[in-house]
Q: 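Quick one: structure below, then a few questions.
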Amino acid sequence: MVDFILTEEQAALKELCRDFGERRLQPIADELDRKAGEDPAGQFPWGVLKEFSSLGLKNLPLPEKWGGADMGVMTHCVLLEELMAAEAGFAAAVHQSWKLAGLIAECGTEEQVSKYIPMFSEDETFLMGDGTLGPISSAEDIQLAAAREGSGWVLDGKKRFVACGPLAKLFIVDAKVTGAAGGMGETITCIVPKESSGVRLGEVHDKMGTRLLLESELDFEKCRVPGADVLSDAGENGSGAKSRYFAKIAPTLGAFGVGIARAALEKSIEHTLERVQGGKPIFEHDVVSFRLAEMKVDVDVARDLVWRAAWHSDDQQDYDPRLGLTSVIFASQMAPRVCDMAIQLFGGYGFMRDYPVQKYWRDALMCLFHGETHDAARLKLGRLMETDHIRGGR
Amino acid sequence: MVDFILTEEQAALKELCRDFGERRLQPIADELDRKAGEDPAGQFPWGVLKEFSSLGLKNLPLPEKWGGADMGVMTHCVLLEELMAAEAGFAAAVHQSWKLAGLIAECGTEEQVSKYIPMFSEDETFLMGDGTLGPISSAEDIQLAAAREGSGWVLDGKKRFVACGPLAKLFIVDAKVTGAAGGMGETITCIVPKESSGVRLGEVHDKMGTRLLLESELDFEKCRVPGADVLSDAGENGSGAKSRYFAKIAPTLGAFGVGIARAALEKSIEHTLERVQGGKPIFEHDVVSFRLAEMKVDVDVARDLVWRAAWHSDDQQDYDPRLGLTSVIFASQMAPRVCDMAIQLFGGYGFMRDYPVQKYWRDALMCLFHGETHDAARLKLGRLMETDHIRGGR
Amino acid sequence: MVDMRLTDEQLELQGIVRKFSREVLKPIAAECDRNSQSDPAGCFPMDALKAASKLGLRTLGLPREMGGRDLDTLTHCILLEEVMAVEPGFGAMFHQVWRLAQHIGRVGTEEQKKKYLVPFAEDDTCLISIGQTEPASGTDNTFPYRGVDGGIKLSAVKEGGEWVLNGTKHFVACATTARIFIVIGRTDPHAPAPEGATQFLVWKDTPGFRIGRTHDKVGGALLMNAELILENVRVPESDVLMGVNEGFSDKARHYGRGAPMVATFGLGTARGAYEAALSYARETIRNGKPLIRNDAIAMRLADMLMLIEATRSAIWRAAWGSDNREHYLQRDAAVSSYFSTVCARSVCENAMQIFGKDGYTRKFPVEKFLRDALMTNHINNTVDVRLLKIGRSLSGELVSSL
Amino acid sequence: MVDMRLTDEQLELQGIVRKFSREVLKPIAAECDRNSQSDPAGCFPMDALKAASKLGLRTLGLPREMGGRDLDTLTHCILLEEVMAVEPGFGAMFHQVWRLAQHIGRVGTEEQKKKYLVPFAEDDTCLISIGQTEPASGTDNTFPYRGVDGGIKLSAVKEGGEWVLNGTKHFVACATTARIFIVIGRTDPHAPAPEGATQFLVWKDTPGFRIGRTHDKVGGALLMNAELILENVRVPESDVLMGVNEGFSDKARHYGRGAPMVATFGLGTARGAYEAALSYARETIRNGKPLIRNDAIAMRLADMLMLIEATRSAIWRAAWGSDNREHYLQRDAAVSSYFSTVCARSVCENAMQIFGKDGYTRKFPVEKFLRDALMTNHINNTVDVRLLKIGRSLSGELVSSL
């Protein structure tokens with residue numbers, strides 16, 4: 001029976017994240033953003049991450065025996081929205097670890113789980129670096145080659161835009177198997193500890209926004225990966241456990257945009273209620289109501305779609321991977337649009353770094369690059385429509 | 001020196017067309033649209049066409065010695081806007097003949113000109129049927145085959161959406177030369193009198209709008225075309241006189257949308273000044289001002305662009321075919337958008353056939369099909385950008 | 001706990017309605033639309049209505065004890081979507097009759113139910129209509145204008161134990177085909193309309209009551225909108241629905257909570273166009289490959305599906321709120337109905353583009369969906385009024401509603 | 001007769017400005033932007049300004065007899081586009097100094113010209129600035145609010161033969177770098193601001209006159225907006241520009257006819273992003289073919305060019321109107337400036353998409369163009385105010401203006 005009420009546990013976690021965001025992230029967001037603007041490889045708020053971990057939040061996606069709560073996609077989306085509304089870069093960094101820890105826990109071998117999950121769960125500052133294709137990009141993008149060597153592999157080449165590259169203690173990367181036939185060659189997913197020989201941190205990308213999500217290049221030169229550190233998806237591109245896992249968690253990418261845009265909307269309401277022009281708060285001018293309404297529609301519809309997609313991801317019974325992609329695409333278009341309107345409602349103030357809306361906008365533009373481009377996501381969804389028919393009224 | 005003033009002759013012709021539209025077209029537009037809705041092959045207002053011709057308007061694109069005024073692209077756009085604002089279907093029918101008579105006059109051999117132009121110029125009800133690719137569509141669409149036979153050709157196959165098919169006395173059609181290599185095979189353009197043996201009128205298309213522009217299929221079965229009736233573009237696809245002519249007159253397609261949208265805007269201003277809700281004319285509500293302003297911006301910008309493109313078409317000196325395409329694409333997107341807003345401003349009335357805005361909207365949607373699809377036009381423009389660089393500040 | 005699973009009853013009814021729509025409505029949709037052009041008043045497919053009645057579909061809105069299902073908002077939306085995806089005008093008719101039967105069932109007296117709903121249930125062709133809009137008052141009623149000069153003008157004057165109604169309505173849905181009418185009249189001309197209007201139950205054959213011209217609309221032909229002309233129509237006091245001057249009262253408001261249903265107009269219409277375009281893109285071979293393998297076409301389809309799923313999500317949440325009063329927000333309802341209009345317009349136009357020039361002809365179904373989609377512009381509220389309502393509601397809210 | 005041909009002088013100047021922009025500004029644009037992050041007040045490239053002065057570019061707005069070109073609006077727009085397409089912040093600076101030099105040249109007394117414009121012409125680094133916006137009054141000045149409680153608050157009180165100015169301005173363009181200022185003060189606090197404000201000429205080194213904080217902006221860094229703080233600044237009567245209370249008068253209005261110039265901010269910025277994306281799409285090989293051969297990329301580029309050409313057309317017409325008083329419509333100017341904001345936002349975002357993830361980094365120029373494009377949101381009017389002005393102007397018009 002259709003219902004939109006969070007469980008008590010979800011509601012409590014949501015409050016916890018909101019409170020954490022307001023108390024620990026919002027106050028430092030502007031300053032850290034500026035610093036990172038001067039030095040992209042600069043500070044990450046490790047103390048904040050420690051507190052985040054000590055509240056039990058870092059380990060949520062893990063099974064209970066590892067200190068987690070078996071967090072599903074729905075809860076992931078709800079909590080991520082709260083964190084995104086506070087500081088999108090930090091939230092994105094946490095998201096990577098949630099995603100990748102979940103990946104190992106769900107798709108890893110027993111050996112992988114028992115080796116890597118405790119490393120992650122017991123270390124309050126353990127972040128994971130994401131060099132996978134994620135839910136959207138296509139295998140064409142990979143510039144990292146994997147060659148067989150005995151029972152293991154040798155990695156050579158480069159990854160770009162490795163999320164948390166400069167911060168992580170463990171990387172998970174996709175590589176293209178050399179010698180495989182065709183452009184859509186086989187790919188493998190490798191777990192690579194930071195200290196592995198042959199892995200070197202490359203250029204840290206100097207980004208327009210979400211600067212606390214440090215991203216970098218990662219250079220591989222004869223980096224040996226034992227067969228035991230390859231995730232099980234190998235050889236079953238698009239059908240393996242990893243691919244299913246990534247398809248399943250796609251709605252969490254939708255939560256990126258929902259959180260950022262919501263924050264921009266909230267600040268806009270506050271501002272328009274305070275700012276007086278024409279003898280009354282500008283909120284009371286119809287044209288301002290109009291803009292706020294457009295923003296509110298965008299944010300609410302996106303959240304509704306993310307929730308519905310997330311529920312289906314958790315349910316799996318009636319699962320349609322296209323629903324998850326629609327939520328990413330919609331929320332990713334929506335967030336820059338809403339933040340742009342916020343900037344306009346702030347007038348000249350919207351342009352000033354002293355006010356947060358320009359940061360929301362810069363952060364929101366990241367959403368257009370969950371894949372290589374936003375068109376890549378649209379095309380991926382379009383491809384899925386060639387054979388499968390929508391089930392009406394689902 | 002940049003100037004935006006029409007010549008006295010242009011202004012006088014514009015007035016003439018506006019007056020003609022208001023007096024002769026607007027009063028019958030609704031009734032003929034309804035009749036054509038019941039019988040798509042039904043009446044065309046031949047009497048109105050006669051009057052149009054008797055005012056000297058039909059022959060405008062011809063050289064003076066044939067009773068014309070050597071009308072350029074700029075004037076064509078200005079007059080077409082006026083006619084479109086009155087009745088888009090009739091205007092489109094006239095446009096076809098303007099375009100095709102101009103084509104023969106400009107690109108035809110002396111023999112072709114002296115044979116066909118007098119037929120056209122001396123007959124007040126002579127319309128031409130358009131089975132060419134026009135400025136936008138690509139050769140892939142052609143389903144009509146031309147096979148060599150002696151010095152002439154034999155046409156076999158079908159044309160669809162031949163503008164004025166059921167009304168015309170002369171057709172101009174593009175055909176694909178059989179046996180030519182590759183998908184972009186050579187095409188030829190043939191002049192085919194209606195009574196030619198082997199030409200048969202097929203189904204008349206039952207269209208959503210612009211119903212007075214009767215369009216139909218044309219079936220060809222062993223239709224012989226003497227070599228003398230082939231226009232000179234043959235063998236030089238994309239570079240010949242015909243292709244240049246079509247590129248040049250592209251802005252006239254932009255005038256379609258400008259005229260229709262302007263009419264919708266004018267009716268919307270009238271309506272919102274009259275309709276009272278909330279104790280005052282709805283025009284005075286800011287949200288209505290907002291919508292009207294969006295419409296006005298759209299219409300004005302489109303006209304400015306069409307004019308600028310048209311001027312360059314006539315000037316040729318600094319000519320860039322991409323400018324003409326931008327004007328078509330912009331105006332074609334603009335017109336349905338503006339008409340849709342007009343429908344919304346009319347509230348429930350917008351939905352009623354008694355009010356003209358729904359007709360403007362139906363007519364405006366035609367603009368999305370100047371090519372096979374609107375995307376085809378965008379792609380055609382995109383292709384032109386591969387090699388040529390925009391000249392700044394033009 | 002968040003849940004998106006439909007109940008067994010919802011799935012059962014959805015199946016019935018979908019089957020009916022595809023088997024009965026789909027084959028006649030184009031012809032009815034064509035007939036409406038020459039004969040707006042005579043195009044309604046009475047046989048299809050009878051077939052619907054046999055399946056129990058016409059009376060779904062009745063209380064369960066009268067043989068209906070007392071549809072909640074969500075179920076209403078789910079079923080309506082199925083009809084809308086095939087024949088939006090007919091779907092809009094269902095919407096009217098479902099909610100009006102339910103409205104009378106909920107607020108009517110036992111006597112009223114006996115007098116109106118029992119015959120309604122028994123007559124396979126009986127429909128219900130409500131007359132609100134008048135030539136001079138549209139938005140004034142829905143975005144209530146407080147001046148006494150605005151709003152409903154149809155006069156209702158008490159004479160003895162009866163009310164005498166005089167005036168004209170227009171744009172009245174199902175007026176051409178209905179036998180039972182709810183007419184809203186101005187019972188207190190000195191109060192603003194929201195406080196001075198009353199709902200009256202009237203049988204079509206009441207003396208002085210007359211159906212005027214059926215409107216010739218550009219889409220949604222089977223909704224059969226017409227004028228109502230009332231000349232000294234005498235209505236007994238016992239046919240006042242709810243109380244006098246309560247025509248727009250809180251009591252009537254559950255009726256106003258139907259915005260998610262109205263939003264379903266756009267959702268279903270968009271889905272119909274989308275499904276047609278998807279089939280066409282899969283089946284049409286162009287340059288040796290299916291149209292859908294063309295990137296631009298695939299991306300258009302992706303955008304269409306995105307809007308459809310987004311709209312459905314918003315409608316479901318709003319409908320759930322409408323069914324669970326403690327979570328009800330008028331704004332959510334307005335969000336869904338505003339957004340569904342955007343969705344319908346965009347999806348139908350995209351669908352038309354996929355068909356190419358053929359899409360502009362009536363040989364293919366998309367141009368009809370696009371015309372039908374115009375219904376979403378002005379049902380209950382105009383699009384801009386929906387936006388304004390949302391905007392004005394935001395002052396109290398500095399945190400998200402969910 | 002309609003004509004789109006530029007004059008020889010326009011083409012000559014366009015060539016000089018284009019060359020300057022590409023050779024002097026392009027190499028330093030990214031670095032200046034980066035410097036502005038740590039030092040908003042210190043990032044201005046004085047050497048580039050000096051180079052511009054040598055070419056006569058800084059003083060183009062001066063009357064011809066003072067060595068300038070007395071730029072008309074169209075020429076201003078054509079030249080400005082060239083700078084904007086390379087470094088929008090620096091372009092905006094040119095815009096300020098061109099039109100302010102021209103403003104003083106047109107309405108100033110001979111004494112004022114001698115006192116301000118002669119030193120201006122002679123000093124290669126001298127810029128002019130105007131202070132209008134105050135923390136509490138933005139739109140109230142430009143969409144004039146008639147209440148006496150709104151609009152400019154900076155007080156100007158007559159004491160003897162001098163005016164004493166007290167108050168604060170913010171967001172003042174070129175304030176950090178300028179030496180000559182026009183300050184608008186409220187000379188009649190009992191009249192609405194449009195009728196009670198006056199323009200004063202002030203040298204930067206006047207006692208009591210102080211530049212406050214340079215604003216740390218997200219884009220357009222080289223425009224160098226800052227606060228002005230005036231504490232008992234004494235201005236002689238002879239430095240009142242135009243008359244007392246004529247700060248927003250008709251006489252000042254030619255100054256307000258600069259909307260097409262402001263529209264050029266968006267046009268030029270969009271063109272810069274477009275040219276960068278076009279080169280990238282032609283030169284980048286992906287999957288064995290240039291990116292531009294990808295349909296989706298080609299269509300994005302087409303959409304970008306379309307908006308740019310449309311905006312340029314609208315600006316040229318509005319500028320022509322601005323230069324030919326009998327054809328001047330304030331609305332045309334508003335149309336061009338509204339539309340150019342739409343254009344800039346859309347084109348720059350599309351450009352960023354063409355670059356893919358790289359576009360989100362500062363290694364490539366598009367994210368800067370996107371940030372710079374935000375300048376177009378609120379120069380002179382906010383976007384929505386431009387729309388409202390257009391809408392309200394339409395009541396008299398039942399036929400098109402052309």
Side-chain angles (χ1 to χ4, degrees), chain B residues 34-40 137 140-141 160-161 183 203-210 215 275-280 282 285-288 290-291 336-337 340-341 343-355 357-359 361-362 365-366 368-376 378-379, chain C residues 34 37-38 40 133 135-141 143-147 149-151 170-171 213 215-220 225 286-288 294 296-297 299-300 341 345 349 352-363 366-368 370-371 374-375 377-379 382-385 387-388 391:
Chain B
R34 283 170 193 262
K35 280 191 181 156
E38 292 167 29
D39 174 13
S137 299
E140 286 171 0
D141 306 334
R160 305 189 65 218
F161 293 98
E203 180 189 337
V204 177
H205 299 292
D206 181 9
K207 294 187 300 175
M208 181 186 200
T210 54
E215 295 187 75
R275 173 83 175 164
V276 173
Q277 293 289 281
K280 57 184 179 183
I282 61 174
H285 294 274
D286 279 353
V287 295
V288 171
F290 233 53
R291 294 296 182 211
R337 185 164 65 209
D340 189 59
M341 281 197 258
I343 286 180
Q344 299 203 13
L345 289 176
F346 271 76
Y349 296 96
F351 202 42
M352 302 295 158
R353 286 191 202 272
D354 295 348
Y355 289 78
V357 282
Q358 52 79 27
K359 178 172 181 297
W361 174 73
R362 286 186 288 114
L365 283 164
M366 163 192 56
L368 294 174
F369 301 98
H370 286 314
E372 171 62 18
T373 65
H374 191 63
D375 286 345
R378 294 167 64 215
L379 195 52
Chain C
R34 171 164 293 285
Q37 295 230 322
S38 46
T133 303
S137 67
T139 297
D140 271 355
N141 296 318
F143 192 53
Y145 172 58
R146 310 285 314 166
D149 54 324
H170 76 171
F171 299 171
R213 203 172 62 112
H215 297 291
D216 183 10
K217 309 195 306 295
V218 71
N225 302 67
R286 191 78 49 88
N287 299 320
N294 174 318
I297 300 281
M299 283 157 79
R300 271 197 198 271
T341 297
R345 178 68 170 73
E349 199 176 304
M352 199 157 149
Q353 278 289 303
I354 288 172
F355 277 83
K357 269 190 176 159
D358 279 332
Y360 195 60
T361 72
R362 303 204 294 185
K363 206 169 185 177
V366 284
E367 67 85 30
K368 175 174 179 296
L370 190 50
R371 287 186 285 110
L374 293 187
M375 276 198 290
N377 279 351
H378 51 86
I379 294 269
T382 66
V383 174
D384 288 346
V385 167
L387 265 190
L388 267 187

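Letters go in sequence order (proteins before strands), and every chain restarts at 1.
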Q: What part of B/R160 lies closer than 4.5 angstrom to a heavy atom of chain C: side chain, backbone, both or neither?
A: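 Interface part for B/R160: side chain.
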
Q: With chain B, which of C/A296, C/G219, C/G359, C/G220 has the greatest number of heavy-atom pairs at distances under 4.5 Å?
A: C/G219

Q: Which heavy atom in C/M352 sits nearest to a heavy atom in B/L365, and how many Å separate them?
A: CE-CB, 4.1 Å

Q: Once rounded to the nearest 0.5 Å, what's the spacing between atom NE2 of B/H374 and atom CZ of C/R300?
A: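 Going from the NE2 atom of B/H374 to the CZ atom of C/R300 covers 8.0 Å.
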
Q: Just verifying a value: how many Å separate C/T361 OG1 and B/F161 CZ, rounded to the nearest 0.5 Å?
A: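 Reported to 0.5 Å precision, the distance equals 5.5 Å.
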
Q: Heavy atoms only: give me the nearest C/R362-B/G37 pair and the separation to one decimal.
A: NH2-O, 2.5 Å

Q: Heavy-atom distance under 4.5 Å to chain C: side chain of B/Y355, backbone, both or neither?
A: neither

Q: Sequence neighbours excluded, which residues qualify as salt bridge (charged side-chain N to carboxylate O under 4.0 Å, His left out) partners of C/D216?
A: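 Partners of C/D216 under the salt bridge (charged side-chain N to carboxylate O under 4.0 Å, His left out) test: B/R34, B/R353.
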
Q: Angle between ring planes, C/Y360 versus B/F369, binned at 30° and 60°: parallel, tilted or perpendicular?
A: tilted

Q: Rounded at 0.5 Å granularity, tell me how far NZ in B/K207 sits from NZ in C/K363.
A: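 With rounding to 0.5 Å, NZ (B/K207) is 14.5 Å from NZ (C/K363).
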
Q: Quick one, B/W361 and C/L374 - any side-chain contact, counting heavy atoms below 4.5 Å?
A: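 SC-SC contact between B/W361 and C/L374 confirmed.
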
Q: Could you look at C/I354 and say if it's the side chain, the backbone, both or neither that has a heavy atom under 4.5 Å from chain B?
A: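 When you check distances to chain B, no heavy atom of C/I354 falls under 4.5 Å.
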
Q: Below 4.5 Å from any heavy atom of chain B, which atoms of C/R371 appear? Answer side chain, backbone, both or neither.
A: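 The answer is both parts of C/R371.
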
Q: Sort C/P40 into side chain, backbone, both or neither according to what part of it lies under 4.5 angstrom from a heavy atom of chain B.
A: neither

Q: Go through B/V276, B/D340, B/D354 and name the one with the most non-hydrogen pairs under 4.5 angstrom from chain C.
A: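 Answer, by heavy-atom pair count under 4.5 Å with chain C: B/D340.
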
Q: Against chain C, label B/V288 side chain, backbone, both or neither, depending on which of its atoms sit under 4.5 Å from a heavy atom there.
A: neither

Q: If we define contacts as heavy-atom pairs under 4.5 Å, which of B/H205, B/K35, B/E215, B/M366 has the most with chain C?
A: B/M366

Q: Please state whether the side chain, the backbone, both or neither of C/D358 comes within less than 4.5 Å of a heavy atom of chain B.
A: both

Q: What distance separates B/H285 NE2 from C/D384 CG, expressed to the nearest 0.5 Å?
A: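 Going from the NE2 atom of B/H285 to the CG atom of C/D384 covers 11.5 Å.
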
Q: Could you give the distance from CE (B/M352) to NE2 (C/H170), rounded to the nearest 0.5 Å?
A: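 Nearest 0.5 Å value for the CE-NE2 distance: 7.5 Å.
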
Q: Could you look at C/R34 and say if it's the side chain, the backbone, both or neither that has a heavy atom under 4.5 Å from chain B?
A: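 Only the side chain of C/R34 comes within 4.5 Å of chain B.
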
Q: Checking heavy atoms, do the side chain of C/L387, its backbone, both or neither come under 4.5 Å from chain B?
A: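 Side chain of C/L387 only, per the 4.5 Å heavy-atom cut-off to chain B.
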
Q: Which residues pass the side-chain contact (heavy atoms from CB on, under 4.5 Å) test with B/A376, sequence neighbours left out?
A: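 B/T373.
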
Q: If you tally heavy-atom pairs under 4.5 Å against chain C, which of B/I343, B/L345, B/L368, B/V287 wins?
A: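 Going by pairs under 4.5 Å, I would pick B/L368.
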
